[in-house]
Amino acid sequence: MFQQFLSKLRKYEIRMRKAVTSERHGNFHSVFKGSGLEFDDLRLYQYGDDVRAIDWNTSAKGHGTFIKIFKEDKEQTAFFLLDVSASQQVGELKKLKIDIAKEICGVLTLSAIQEATRVGLLCFSDRTERYIRPSDGMKHGYSLVSELYKLVPESIQTSIADAILVTLNVLRRRSLVFIISDFIDDNYHHNLKALCRKHDVIVIHLYDMRETNLPSLGIIPLYDAEKQRTVWVNTSSKQYQEEMSGRFKKRSNELERICHQNRADYIAINTQEDYVPALIHLFKVRQYSKTAAPSS
């Protein structure tokens, strides 16, 4: 079964790589480039330099206008924060949010490893379910995907805020951080902003259509996996459907707003649809519009 899973990931990774590198869209390496730039030196500003590179603190001393010079960090790191809580157990057979989340994480891991990027993983619920220290090499990549495939979480609860705190503690250098979750949680926005200040962040928001547009089935029982209780709801009620849709839109809009304000990339993926085109679009946008630290 794992070999089938791995084969599927390879197929998707090749499909994504071909699409991103076609039609003069540049090298796939640029997808993971940008998080691995570190400060190197200062030099005097010259006409044509990017004004965003100006070091205003040094320039304010009155000895001229200086810009920061950055060099590429050869040990770039891509780090995955994967939500494996009970709310991810929603969807059709083999298309649960958790299944799609693992696939996306696996596809991106294979892509990053092939670009000589160090890759790490933190699977979380309201605790750390699995932590894999960042490393490189195809053997490490396959080992990570294997751990991902066989992971069975111990807890059903969610704490995105705690997972972000763990990430801030284990990643000492600026990294590319992917957060893959349905973001059905509260009180994590402050920590997310802190993460964005320190790292290059990509937020992948997974959702199932049942969470936004439940079919009109009359009065039915719905089980809340995280709260472990069943509630009866009237799915034919227009008010209930509007409230359900409204909660999802409010949560999504707020998350997207925070990402935009803090220079993080945001992408929403319907787990019942093909997610590869959405990833391809994200990476093409990053190639053209993502502003990383300026280089010399």
How would you list all residue pairs meeting ring pair (Phe, Tyr, Trp, His ring centres under 6.0 Å) that involve residues 143-172, not counting sequence neighbours?
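Those involving residues 143-172 are Phe2-Tyr149, Phe5-Tyr149.
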Filter on ring pair (Phe, Tyr, Trp, His ring centres under 6.0 Å), then keep only pairs touching residues 78-108, sequence neighbours left out; what's left?
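Sorted result for residues 78-108: Phe80-Phe178.
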Test salt bridge (charged side-chain N to carboxylate O under 4.0 Å, His left out) applied to Lys150 - qualifying residues, sequence neighbours left out:
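Here the qualifying residues are Glu147.
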Mind checking salt bridge (charged side-chain N to carboxylate O under 4.0 Å, His left out) for Asp208 and listing every partner two or more places apart, or none if nothing turns up?
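Once residues adjacent in sequence are excluded, the partners of Asp208 under the salt bridge (charged side-chain N to carboxylate O under 4.0 Å, His left out) criterion are Arg210.
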May I ask whether Ile14 and Leu279 are part of the same hydrophobic cluster, defined by side-chain heavy atoms of I, L, V, M, F, W, Y residues being less than 4.5 angstrom apart, directly or through others?
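No, no single cluster joins them.
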Would you sort out whether Ile184 and Thr158 count as a side-chain contact (heavy atoms from CB on, under 4.5 Å), showing the intermediate values?
CA-CA 8 Å; Ile184 301 178; Thr158 311; over 6 Å; no
Show the numbers, then the answer: is there a side-chain contact (heavy atoms from CB on, under 4.5 Å) between Leu148 and Cys123?
CA-CA 8 Å; Leu148 195 63; Cys123 296; 4.2 Å; yes
Is a side-chain N or O of [X] found less than 3.5 angstrom from the main chain of [Y], in a donor-acceptor match?
X      : Y      : answer
Ser146 : Tyr142 : no
His205 : Tyr266 : no
Glu129 : Ser155 : yes
Ser59  : Asp55  : yes
Ser111 : Val107 : yes
Thr271 : Tyr207 : yes
Ser125 : Ile156 : no

If the condition is ring-ring contact (aromatic ring centres under 6.0 Å, His included), which residues does Tyr12 pass it with, not counting sequence neighbours?
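Listed in chain order: Tyr275.
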Suppose the criterion is side-chain hydrogen bond (donor to acceptor under 3.5 Å, both in side chains): which pairs have a residue in residues 186-195, not counting sequence neighbours?
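Sorted pair list comes back empty.
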If we check side chain to side chain contact (heavy atoms under 4.5 Å, CB included) with Leu195, which of these qualifies: Leu165, Val203, Ile179?
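Among Leu165, Val203, Ile179, the one that satisfies the side chain to side chain contact (heavy atoms under 4.5 Å, CB included) with Leu195 is Ile179.
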Does any part of the side chain of [Y], heavy atoms only, come nearer than 4.5 Å to the side chain of [X], both counted from C-beta?
X      : Y      : value
Arg173 : Thr77  : no
Asp162 : Phe124 : no
Leu96  : Gln88  : no
Ile67  : Ile54  : yes
Ile104 : Ile269 : yes
Pro134 : Leu171 : yes
Phe183 : Asp83  : no
Leu192 : Leu255 : yes

In plain terms, say whether Glu13 and Arg17 are close enough for a salt bridge, that is, a side-chain N and a carboxylate O under 4.0 Å apart.
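Here Glu13 pairs with Arg17 in a salt bridge, since their nearest N and O are under 4.0 Å apart.
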Side chains of Ser87 and Asp182: is there a donor and an acceptor less than 3.5 Å apart?
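Present: a donor and an acceptor within the cut-off.
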Atom pair [atom1] ([X]) and [atom2] ([Y]), whose distance is rounded to the nearest 0.5 Å:
X      : Y      : atom1 : atom2 : value
Leu144 : Cys105 : CG    : SG    : 6.5 Å
Ile98  : Glu103 : CD1   : CD    : 11.0 Å
Leu122 : Leu82  : CG    : CG    : 9.0 Å

Apply side-chain contact (heavy atoms from CB on, under 4.5 Å) to Asp200 and Gln76, showing your working.
CA-CA 11 Å; Asp200 183 7; Gln76 299 177 72; over 6 Å; no
